[in-house]
Structure formats: C-alpha cells, structure tokens
Amino acid sequence: MAAVDADSVSLSSTTSAAGRVRASNIVKLACIRDGKFPVLLDFDQNAPLAEIITNICGQWGIAGPEQYSFKSDDTQKYITEKTRHALRDGAVLKLALSPGSLAARFVSTIAGRDPNEKMQALQDLRVECKDSTFGNKFAGHGGIPALAKVIVDSNKSGDKTNLGFALSSYGELFAHKLIEAETLPEDFVKMMLQLTRSDNPTVARSALKVASLYLRNASKGFPMVSNALPVRYIVDMAAKASDAGLHEGCLAVANGIIQCCPLSQVQAVYQSLEQHRAVESFNIRMAKALEEHRRGVGAAEDRQCFEDSWAHELSAFQQLWLNRLFDSSRTPYSKEYEAELMSLKKHLPEVEEERDPRRRKASDSGQWTRLGFDNPEDPSSQFQESPGVLALNCMAYFSRTYQESFVKLVLEQLSRNEYACPIAKTSCALVTTLLELFRIGQPPTEKSTSFMPLFYSSQHAFREIFCVGVQLACKTWREMEAKAADFAKVINVVRKQLEHVMLKSPEDQPRTTEELKAAVFAIPYSEMQHIEQVQMERRQRALRESEPVKLLKQKLRGELEELVRAQKLARLSDGAWFYPILKGKIKKDMRFFCTLSPNYKTLHWDDPVTGSDNTKPKIHQLSHQCDVGALKQIFAGNDVPAIVAKGKKLEESVAPLVFSLLGSGEASLEEGLGFCARDRAQAAVWLDGLRVLTRAQLSEPESAEDLDILLSLEMHLRLLNLHGVHVDELSPVVPPLPADFDFCEEQADSSA
C-alpha cells in the first residue's frame, strides 16, 4: 500500500463536519490505486457500490467506472454487495478491474500465442481464483475449458511450470464447486491421478487436491481414486512429503477414502491404514513443521499451517481415526473378549491368601474387588453398557504395556481401605470422558483446525492417553482424600485437568505420552481449584464488561442508589449514641443521642450526659431539634472546625469516626455539632445519611460497596430469570434444632 501523506490525501465530499456525530451507516475507509493519491472517504453502507466507485473514479480522472470494483487490500478479495457490511473502520480498499473485466482478459491471454504473457497470466490467475467472486466470472467467460486445455497441452509438452500454475487454479475453481465432477472426461481424470506422482511438488500438490475433490464429488470417485492411489502409496508419499502442501494433499485423499468408501469396506480401509502405519507416517512432516513453527523458522507456508487447510485435514484425519473406536464403545461384553478380561487377572499382584492353592478359588472375587469392579462376582457386567468392551480393551492395554505402573496402582489402592480408588469403575468413566472430549462418533466439522500432535505419535494414542488418565485419576483421588460418594466429583476434576492440557493450541500441547503425563501430573487438585477460580473470575469479568451488562447496570444503578439513600435515612431514624466533641476534644466519658424524625424532616438530639445507660430516649424527650432544610454543611475527620481550631491532627484510627454538622436555628449547630461514632460502620451510615439530607452525593466507600453488592445481586437475579430459574420470594423454612449436638461419623462397613 502506498504511504498516506497528509498533503496528498483528499477527503471525500461526504466527510462529516468536525464534532458532528457520525451516522451508524458510515465507515471510515481509505482507497488506493497504483499511481494515484490515496483517498480517505466516509463509506456509506446505504449507497450502491457502483455509485461510490463512480465518485472515486471521478476524483482520480479514471474513465469507464463500470469496469472497476473494490478489493480488500488485506485479503485481496472483491467487495460485493453481500460482503460490504463486514467492512470496519480503518480498512483499506483497492480500486481494481472488476472480476468480469479481469476474467475476460485472463481467458483471452491464456488462450493466446505469446508464451511469456501466458505464463504470467497463469501465475497471476492462481491468486485470483482463490476468490469465489472472480471464479464465478471466470467460469462464465469460458475460463474452465480454456484452463483444462492448458493442463492437457502442458502435460503433453512437458511444460511443468505452466502445468503447475494451471492445476493450482483448477483446484481452486473445483473447491468453489464451479466444476461439475460428473462431467469430467475419464481420460482427463486418469491424467490428473497420474500427475499426483509427478516429481514436481507444485504439480503433485495441485493434482492431489483435484483428486481429493473428485473423490468426494463424483459417483466414480472412490473406485477410480482408490485404485490409482492405494493407501500404501498415499502413506509413503506423506512420509516423504517435502512441503506442507504435499502432506495436506495426502491427508485430504486419505480422509476422502475413509469418508467415501462403501460401509462394507470401511474396516478394510482402516486395517490398511494401520498396517502401513499411517499415523506415524503422517507425523513425520507434521512434527517437523510443528517444531519449526515453535521456533519461527522454516517455510512461511509451513509456519502458517496450523491456521489453514492443512490443520483442517490433520483435524479431520484425527477425528476419522478416533471414530473407529465408536463401535467397540457400544459393543457389550461377550465370551470372545474373555481372554482380555483374564489378562487383567494375570497381571494382578499376588497377595498372601492367593499363594495357598486351597484358598485361591475363594479369592477370585477378592481379585476383582481389588480392581474396583462394581460386581466382583461377575466382573464382565461392568462392560455390558457403554463404553462397553472399549473400556476393557484400554484396561488390558494398560496392564500389559505398563505392567509395573499397573501393579503399583493396584497395590497402592490395597493400603487405602475406604479411601481406595475403584480402578475398573474409574476406567469406564474415564473412557466415557475421553469419548466425549474427542467427540468420538461425530463427523469432522467443516472448519475445525484443532488437532493433537500427541495423537500422531502412536497408532494407539487413545489408549496411551487412557493410561495417563487412569494414573492421574488415582493421584487426584488421593489428593482429594475421596471416598465412594465423591466419585463423580473426582472424574469431573480429572476431565478438567486433561482439558487444561489437551485443549491448548497444537504448538503448546504435549507431543508424547511422557510429556502429557508430566503436564497433567504438574496440576495437583489444589492448583486445579485455583485455575478454575481464575477462569470463573475471568468469565464473570468478561460478562460484567460486556456491553449489554454495562447498559443494564447503568439503568439499574439509579434505582438502586435511591434504595441505598433510603436505607441510610432509615438508619438515621433509628437513632444512635455518640461521643460529643467539646472545645476540640472528644469526650469519651460523655455521650449524647441523635435521631431523625420518622418523616425525615427534623433532626433531634440531646445534651451530652454521663453514664452507661443505652436505653434510647423518646423523640419528645430530646431537648434540641432542627429542620432538615436548616442543615448547611458536613465536615469529616481533620476538617472538623473544632479540630482545626485546636491545631492538632487526630490519630489515624480516630479520624474516620469524627464529623460535625453546621446549620442554623440552634447555637450548637451554628458553632458545629460534633460527633464521634462508636465504630467505622456507624460513622459511614451517618455521614452519608446526613449527605442525603443535605442533597449531597454519597461519598463513603461503604455506600459504594453496598451499591455494588446490590447491583451484583440484581444482575444475578436477572440472569437466573433469563435462564428460567425461579427464586422463591419466601426464604426456606429453617428446621428446628436437634435435641443435642452429640455427633459421630459412621464408619464404613468393611465387610460389605
């Protein structure tokens, strides 16, 4: 973009005068064009685009405004009547040839005879085709057949430069659904599939993109693509991919094969992917790019990979690969899984009674009890409902892969008695948690770019995560000193611990099982509580600072402030005893009573007296009174006239308790009626209560705190009401006190 010089900027005639409130339909923009001075304009969202373009062309002296359009200088996409409302203040627009004019020029050039012009046009076309607005115009001018001819001719002549450019544009147009897959000639498709094996990365990358799109959109897509690009070849190509584009293309084809294959072949596809170790192969290039992304080195394309289509393909493959576990999570236990169940018992540590052959049979149920089964007499019943045999499979994987950790975990629970964590029950709940966390059984979302680098580290990533999770659950159980009744609470905490680590951006996530274990074990229960508290405060702060809440608070504040002011007057009418201030000294051996009349119109007080009788005198017994209208001024702390005249400052602990009242009609008021409150709460109530009488603003921090509490309560009540939660007007009935307070904890029956 050209620099915007103050002397070179011309303002649009629609610019509003200084100080005038800008209309909501006006957006402050800049418009640029090569060789022209930038223009700042008030972009009227209600005016037709053609009219605004005509005005700009007139300022720059450009003829034929109908041949021009606006493009975003940031995204390089055309601004249309549909997209114009996304423009915000500060955006920069570029005046460019309209998509129709540009498309006609491109079609003419690529069909022409000048090789240099054709190559430059094909190179520029790749960028323009990313915009669907241009793509539609290009297709309308016969650009797609012209582009297909360039692809065929370049392939025959061996011109890989033009072939790569043309294929890239063709893939973008295909992605915009401007190419009808069913109408593509079979020979053209076969040529395209053959080009995926090209030694030119640009050609291979673009051909893979076209192949993945044809696979998803043509009825013959699966048989043609899967035969030309078998799983073995795709996996091998991904492992050797030299850049992100090739890797993305391999992933896109693999994802398409999984999604488009007939149901009868799904398991065969998964088995082939597993046999050729697809997960680890896809990890090779991804791990390298991830490391470069962390260090900020490598190709720009690779550094941006986790925010674009490559990240989407990684996310989609992860989801599809995990979804193969869904069926087993819905499969109940049967005899064919008995070997896995028995393998758990095989890896259990022996205890004393199991070494005696005569007692071994009787101890079978005890073994299942140690593992935390709900029904030790029939452990298979634990796997009859979801997550089914998937939970059994995960437990068996843990017991044989991490046998030492498994034995340690079981032995640790043996010594904890009623505080033991039920491993089997916890395992089932943990598998259910992971199924929910990874959305297993749900199709990949169209725009998701979130994936786990850890998933690509192992063919059995789900089971590896389970192994870490079950150890974490037992650790958290111990830290929480949980019992059976706390089971759901523990599982909820474990879920949050896993989410805190695994839902970060890919570059910040653990990449191996060891890193995952270190990360989640570094978050003890106490730290998780702190994290939850911080997150809750952040959410509440965001809610408080949201515009709708601010507007509602502003509306409620006036009403609630009146409530606080009324409460202060009510407290004044209750009356209170004070220490008097006589000749600049606080007389704590004396006191006087002051009160406000019930109609809030007259202030009454008595002369100071000695003694400790706290009985409130009747209002007619008080010897002094003054109409509220006669009150003039309130002084507080060291500003009290009697204290100032004395020339000494009050102690810090006493100053907040002292105030005086000036008025007319009474000698004591004219000299300044001095008060010293018993405590700070009393002083705050009376100071702001007297300010209400003199029509002054509430100034004490205690009043501001009261107002904030009322606002918070009112906002919470409004939110509860918004969510349909009914709050009773009457408080709940308090039950009577028990006969005595002799309580004891009931011990769990160890024989149960």
**Q** Can you name the closest pair of heavy atoms from Trp577 and Gln682 and give their distance?
**A** O-NE2, 3.4 Å
**Q** So, does Asp486 use its side chain to make a donor-acceptor pair with the main chain of Lys483 at under 3.5 Å?
**A** yes
**Q** Report the C-alpha distance between Thr476 and Gln497 in whole Å, list the side-chain angles of each, state the deciding distance to 0.1 Å, and finish with yes or no for side chain to side chain donor-acceptor pair (under 3.5 Å).
**A** CA-CA 10 Å; Thr476 303; Gln497 288 170 313; 3.0 Å; yes
**Q** Does some side-chain heavy atom of Cys594 sit less than 4.5 Å from a side-chain heavy atom of His604?
**A** no
**Q** Could you please spell out the steps behind the side chain to side chain contact (heavy atoms under 4.5 Å, CB included) verdict for Thr445 and Arg439?
**A** CA-CA 10 Å; Thr445 56; Arg439 298 178 55 255; 3.8 Å; yes
**Q** For Glu436 and Arg495, which heavy atoms make the closest approach, and how far apart are they?
**A** OE1-NH1, 2.6 Å
**Q** Any salt bridge between Asp688 and Arg691, counting N to O under 4.0 Å?
**A** yes
**Q** Just to verify, what does Arg680 make a salt bridge (charged side-chain N to carboxylate O under 4.0 Å, His left out) with, not counting sequence neighbours?
**A** Glu700, Glu702
**Q** What are the two closest heavy atoms between Asp606 and His624, and how far apart are they?
**A** C-CD2, 4.1 Å
**Q** Mind checking the OG1-CG spacing from Thr83 to Leu87? Nearest 0.5 Å is all I need.
**A** 7.0 Å
**Q** Looking at Glu705 and Pro701, would you say the former's side chain and the latter's main chain have a donor-acceptor pair under 3.5 Å?
**A** no
**Q** Roughly how far apart are Ser573 OG and Leu603 CG, rounded to 0.5 Å?
**A** 11.5 Å
**Q** Within the side chain of Asn599, is there an N or O that forms a donor-acceptor pair under 3.5 Å with the backbone of Lys601?
**A** yes
**Q** So that I can tick it off, tell me whether Lys568 and Asp706 are bridged by a salt bridge, with the cut-off set at under 4.0 angstrom between side-chain N and carboxylate O.
**A** yes
**Q** Heavy-atom distance under 4.5 Å between the side chains of Val493 and Gln529, does that happen here?
**A** no
**Q** Look only at the side chain of Asp89 and the backbone of Lys28, and say whether a donor-acceptor pair between them is shorter than 3.5 Å.
**A** yes
**Q** Side chain of Glu481, backbone of Arg478: donor and acceptor closer than 3.5 Å?
**A** no
**Q** Has Asp34 got more than 12 heavy atoms of other residues, nucleotides or ligands less than 6.0 Å from its CG?
**A** no
**Q** Is it the case that the side chain of Ser703 and the backbone of Ser699 share a donor-acceptor pair, with hydrogens and angles ignored and the cut-off at 3.5 Å?
**A** no
**Q** For Thr615 and Asp613, which I'm curious about, is there any donor-acceptor pair between the side chains at under 3.5 Å?
**A** yes
**Q** Decide, yes or no, whether a salt bridge links Glu532 with Lys496 under the criterion of side-chain N to carboxylate O below 4.0 Å.
**A** yes
**Q** Does Leu707 form a side chain to side chain contact (heavy atoms under 4.5 Å, CB included) with Arg557? I'd like the steps, not just the answer.
**A** CA-CA 8 Å; Leu707 183 58; Arg557 183 174 289 275; 3.1 Å; yes
**Q** In plain terms, say whether Glu479 and Lys475 are close enough for a salt bridge, that is, a side-chain N and a carboxylate O under 4.0 Å apart.
**A** yes
**Q** Does any non-hydrogen side-chain atom of Met480 lie less than 4.5 Å from one of Tyr419?
**A** no
**Q** Tell me which donor-acceptor pairs under 3.5 Å the side chains of residues 636-662 have, and how far apart each pair is, sequence neighbours excluded?
**A**
unit_1 : atom_1 : unit_2 : atom_2 : d
Asn638 : OD1    : Leu650 : N      : 2.7

**Q** What's the spacing between Phe70 CZ and Ile32 CD1 if we round to 0.5 Å?
**A** 11.5 Å
**Q** Could you measure the distance from the CZ atom of Phe37 to the SG atom of Cys31? Nearest 0.5 Å is fine.
**A** 14.5 Å
**Q** Taking atom CG of Leu560 and atom NZ of Lys553, what is their separation to the nearest 0.5 Å?
**A** 11.0 Å
**Q** Testing the basics here: between Lys517 and Val468, what is the closest heavy-atom pair and its distance to 0.1 Å?
**A** CA-CG1, 3.8 Å
**Q** Look at atom CZ of Arg84 and say whether more than 12 heavy atoms of other residues, nucleotides or ligands are closer to it than 6.0 Å.
**A** yes
**Q** Do Val494 and Tyr525 make a side-chain contact, defined as non-hydrogen atoms from C-beta onward lying under 4.5 Å apart?
**A** no
**Q** Work out which heavy atom in Ala566 is nearest to a heavy atom in Tyr600; give both atom names and the distance.
**A** O-OH, 4.5 Å
**Q** Are side-chain heavy atoms of Leu690 and Leu572 found at a separation under 4.5 Å?
**A** yes
**Q** Taking atom types as modelled, is there a side-chain donor on Ser448 or Ser315 under 3.5 Å from an acceptor on the other?
**A** yes
**Q** For Leu516 and Met502: C-alpha separation, side-chain torsions, deciding distance, then whether side chain to side chain contact (heavy atoms under 4.5 Å, CB included) applies.
**A** CA-CA 8 Å; Leu516 173 64; Met502 301 186 70; 3.9 Å; yes
**Q** Below 4.5 Å, heavy atoms only, C-beta onward: do Leu41 and Ile52 meet side chain to side chain?
**A** yes
**Q** Give a yes or no on this: more than 12 heavy atoms of other residues, nucleotides or ligands lie within 6.0 Å of atom CD of Glu81.
**A** yes
**Q** Is the terminal nitrogen or CZ of Arg678 (NZ for Lys, CZ for Arg) located under 6.0 angstrom from the six-membered ring centre of Tyr579 and within 45° of that ring's axis?
**A** yes
**Q** Which residues pass the salt bridge (charged side-chain N to carboxylate O under 4.0 Å, His left out) test with Glu671, sequence neighbours left out?
**A** none
**Q** Which distance, rounded to the nearest 0.5 Å, do you find between the CH2 of Trp605 and the CG of Leu596?
**A** 12.0 Å
**Q** Within the distance-only criterion (no hydrogens, no angle test), does the side chain of Arg591 pair as donor or acceptor with the backbone N or O of Gly611 below 3.5 angstrom?
**A** yes
**Q** Is the distance between the ring centroids of Trp686 and Phe578 under 6.0 Å?
**A** yes
**Q** Would you say the side-chain atoms of Gln59 pair up with the backbone N or O of Ile56, donor to acceptor, closer than 3.5 Å?
**A** no
**Q** So if I apply the side chain to side chain donor-acceptor pair (under 3.5 Å) rule between Glu537 and each of Gln533, Gln535, Gln540, which one comes out positive?
**A** Gln533
**Q** Do Phe592 and Val609 touch side chain to side chain, with heavy atoms closer than 4.5 Å?
**A** no
**Q** For residues Leu29 and Arg88, report the shortest heavy-atom separation together with the two atoms involved.
**A** CD2-O, 3.5 Å
**Q** Could you walk me through whether Leu95 and Cys57 satisfy the side chain to side chain contact (heavy atoms under 4.5 Å, CB included) test, starting with their C-alpha distance in whole Å, then the side-chain angles of each, then the deciding distance to 0.1 Å, before giving a yes or no?
**A** CA-CA 9 Å; Leu95 188 69; Cys57 288; 3.9 Å; yes
**Q** Do the side chains of Leu93 and Lys71 get nearer than 4.5 Å, heavy atoms only?
**A** no
